[in-house]
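Okay, so here's the structure we're looking at.
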Amino acid sequence: MTEQHGSAGPLGDDDVAGRPAGGPRSAGDGPDDAHRRPPGVDDATVEAVGGVTAALEVIEHARGVLYEFHRLIGQGDIELGQALDKLEAAGHAELAERIRADVLGANVLAGRWTFQIVEDFDAGYHARFREAEQRLRDELMAGRRHVYEAGLKEQNRTHGRAGHEALPEDVGTGA
């Protein structure tokens, strides 16, 4: 783990609240087993896998922006059609028809509407990236997600303080 300001340093395989890796968990003593590093996995590997996952999160954000783009283009096309209807009703039918023919329903990229861009992205780059990140976690982290982040949370939270619970089930238990 990368040391954070105010932290005691990296967490090893067996030092989450003094509990051996895979040992029984009691309230407030750290991440659940689904977010703990597997035995024998070193800090550098946890950090590297966490970096790949963080990169995937950026791609997931980009995917959301791509879907937003898709929706905005569709909404703009609808609004253009409505405005052209008004332009026609206002006596400018020829101009409205020229714009309708040139712009309304036109491809956004050569040969593609935005739904095709989204589908190509999902089936191509996005799918490859997600599969690669999953394969990496399967091979190095026993499939576990957010092990790096769970370690950072454990390093930086204040044990026993409200709002710093290790897990949701610890909230309100006084752990």
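Just so it is clear, the structure is predicted and the values come from calculations on it, not from any experiment.
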task: State whether a side-chain donor-acceptor pair under 3.5 Å links Q116 with H70.
output: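 No, H70 and Q116 have no side-chain donor paired with an acceptor closer than 3.5 Å.
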message: Any non-hydrogen side-chain atom of R145 less than 4.5 Å from a side-chain atom of Q134?
response: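 Not in contact.
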message: In terms of relative ring orientation, are Y125 and F121 parallel, tilted or perpendicular, with 30° and 60° separating the classes?
response: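 Y125 and F121: tilted rings.
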Expected output: side-chain [X] to main-chain [Y] donor-acceptor under 3.5 Å:
| X | Y | answer |
| --- | --- | --- |
| W113 | G74 | no |
| E165 | G163 | yes |
| R36 | P31 | no |

Distance from [X] atom [atom1] to [Y] atom [atom2], nearest 0.5 Å?
| X | Y | atom1 | atom2 | answer |
| --- | --- | --- | --- | --- |
| R135 | D138 | CZ | CG | 9.5 Å |
| T53 | E149 | OG1 | CD | 6.5 Å |
| L152 | E47 | CG | CD | 8.5 Å |
| E131 | L136 | CD | CG | 13.5 Å |
| L56 | H126 | CG | NE2 | 6.5 Å |

query: Picking from V147, V46, V49, what satisfies side-chain contact (heavy atoms from CB on, under 4.5 Å) with L140?
result: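 Per the side-chain contact (heavy atoms from CB on, under 4.5 Å) rule, the option paired with L140 is V49, out of V147, V46, V49.
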task: Using the side-chain contact (heavy atoms from CB on, under 4.5 Å) rule, pick out the option among V65, I73, L72 that qualifies with F69.
output: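 Result for side-chain contact (heavy atoms from CB on, under 4.5 Å) with F69: I73.
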Do [X] and [Y] share a hydrophobic cluster, counting only Ile, Leu, Val, Met, Phe, Trp and Tyr and linking them when any side-chain heavy atoms are less than 4.5 Å apart?
| X | Y | result |
| --- | --- | --- |
| F129 | V118 | yes |
| Y148 | I59 | no |
| V108 | Y67 | yes |

Derivation of the side chain to side chain contact (heavy atoms under 4.5 Å, CB included) call for E79 and Q82: CA-CA 5 Å; E79 290 183 23; Q82 293 168 345; 4.3 Å; yes
field: Salt bridge present between E133 and R137 (N-O < 4.0 angstrom)
entry: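 Yes.
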message: Looking at D122 and R63, is there a salt bridge between them, counting it only when a charged N and a carboxylate O are closer than 4.0 Å?
response: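 D122 and R63: salt-bridged.
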- request: Could you please spell out the steps behind the side chain to side chain contact (heavy atoms under 4.5 Å, CB included) verdict for L104 and D77?
  value: CA-CA 6 Å; L104 191 67; D77 214 42; 3.4 Å; yes
- request: Please list, chain by chain and in numerical order, all residues satisfying side-chain hydrogen bond (donor to acceptor under 3.5 Å, both in side chains) with R130, sequence neighbours excluded.
  value: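 Once residues adjacent in sequence are excluded, the partners of R130 under the side-chain hydrogen bond (donor to acceptor under 3.5 Å, both in side chains) criterion are E60.
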task: Applying side chain to side chain contact (heavy atoms under 4.5 Å, CB included), run through R112 and D120 and close with a yes or a no.
output: CA-CA 10 Å; R112 287 185 171 88; D120 286 353; 2.8 Å; yes
- prompt: Which atom pair, heavy atoms only, marks the closest approach of A166 to K153?
  reply: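 Heavy-atom minimum between the residues: O-NZ, 3.2 Å.
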field: side chain to side chain contact (heavy atoms under 4.5 Å, CB included) between D43 and R37, worked out
entry: CA-CA 9 Å; D43 287 349; R37 74 175 63 209; 2.9 Å; yes
- request: Look at atom CZ of R100 and say whether more than 12 heavy atoms of other residues, nucleotides or ligands are closer to it than 6.0 Å.
  value: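 Check passes, neighbour count above 12.
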